[in-house]
Amino acid sequence: MAFAILFVTGAGWLLADQLKEAPSGEAWQSAAAYLLMTHGGAAMVALLLLGALVPLHVRRSWLARRNRTTGAAMVTCNVVLILTAFGLYYLGSEALRPWASWLHIGVGLLLPALLVVHITLGRRSTRALEAALGRWKK
């Protein structure tokens with residue numbers, strides 16, 4: 001749920017930020033601020049969940065040599081999101097800010113599709129493994 005909230009608030013902020021120069025810009029400016037606060041809160045929850053995933057899911061699957069390609073892509077994307085979020089929040093460099101912002105937006109918009117691919121391939125490999133084990137037991 002936290003990751004869905006992150007996606008919705010991030011995409012919503014992107015839209016509100018683009019519309020803040022419109023005639024009704026004051027309302028969009030206010031919406032953008034609330035969306036960004038919610039996005040930051042959801043990010044804190046997501047960090048807790050990612051911390052739990054490392055020992056419970058990532059490490060176990062990596063050692064089992066399962067779904068490594070999309071798993072590594074998921075870890076990489078989340079690391080990029082964490083680092084760019086840190087940079088956007090704490091670093092004041094006007095030279096790096098636009099670059100970090102667009103990288104954060106691009107990876108954030110890509111992540112849900114990658115998550116669907118990761119889950120689909122993981123389930124497919126689990127079914128194939130179960131079928132192979134079932135044939136082996138017979």
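Between the side chain of S24 and the main chain of A27, no donor-acceptor pair closer than 3.5 Å is present. A donor-acceptor pair is defined here as one N or O able to donate and one able to accept, closer than 3.5 Å; no such pair exists between the side chain of D17 and the backbone of W13.
For the atom pair H57 NE2 and S61 OG, the distance stands at 4.5 Å (nearest 0.5 Å). Taking CH2 of W62 as the start and CG of N67 as the end, the distance is 10.5 Å to the nearest 0.5 Å. In this structure, L103 CG and L96 CG are separated by 11.5 Å, a value rounded to the nearest 0.5 Å. Between the CG atom of L35 and the OG atom of S30 there is a distance of 9.5 Å, given to the nearest 0.5 Å. For the atom pair OG1 of T9 and CG of L14, the computed distance is 11.5 Å after rounding to the nearest 0.5 Å. How far CG of L56 is from CG of L49: 11.0 Å, rounded to the nearest 0.5 Å.
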Exercise. Please assess T126 against R66 for the test side-chain hydrogen bond (donor to acceptor under 3.5 Å, both in side chains), listing each intermediate value before the final yes or no.
Key: CA-CA 9 Å; T126 298; R66 300 198 45 231; 2.6 Å; yes
Exercise. Apply side chain to side chain contact (heavy atoms under 4.5 Å, CB included) to Q18 and L15, showing your working.
Key: CA-CA 5 Å; Q18 298 298 315; L15 176 66; 5.5 Å; no
Quiz item: Does the pair L81 and H104 meet the rule for a side chain to side chain contact (heavy atoms under 4.5 Å, CB included), with working shown?
Solution: CA-CA 6 Å; L81 288 169; H104 190 83; 3.6 Å; yes
Exercise. Tell me, with the steps shown, if V107 and T76 meet side chain to side chain contact (heavy atoms under 4.5 Å, CB included).
Key: CA-CA 10 Å; V107 173; T76 301; over 6 Å; no
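Hydrophobic clustering (ILVMFWY, side-chain heavy atoms < 4.5 Å, transitive): L121 and M74 are in distinct clusters. Using a 4.5 Å cut-off between side-chain heavy atoms of Ile, Leu, Val, Met, Phe, Trp and Tyr, with links allowed through other members, I105 and L88 fall into different hydrophobic clusters. V58 is connected to L83 through a chain of hydrophobic side-chain contacts under 4.5 Å among Ile, Leu, Val, Met, Phe, Trp and Tyr, so both are in one cluster. Residues W102 and L36 share a single hydrophobic cluster, defined by chaining ILVMFWY side chains whose heavy atoms lie under 4.5 Å apart.
Counted within 6.0 Å of CZ on R68, heavy atoms from surrounding residues, nucleotides or ligands total more than 12; the atom is thus considered enclosed.
In terms of heavy-atom proximity, F7 sits nearest to P112 at CD1-CG, 3.3 Å. A pairwise comparison of heavy atoms in A2 and A46 identifies CB-N, 4.3 Å as the closest pair. Scanning all heavy atoms of the two residues, the minimum distance from G51 to P55 falls at O-CD, 3.1 Å. Smallest separation of non-hydrogen atoms from L111 and C77: CD1-CB, 3.7 Å.
Of the listed residues (V45, V8, L115, L50), just one forms a side-chain contact (heavy atoms from CB on, under 4.5 Å) with F3, and that residue is L50.
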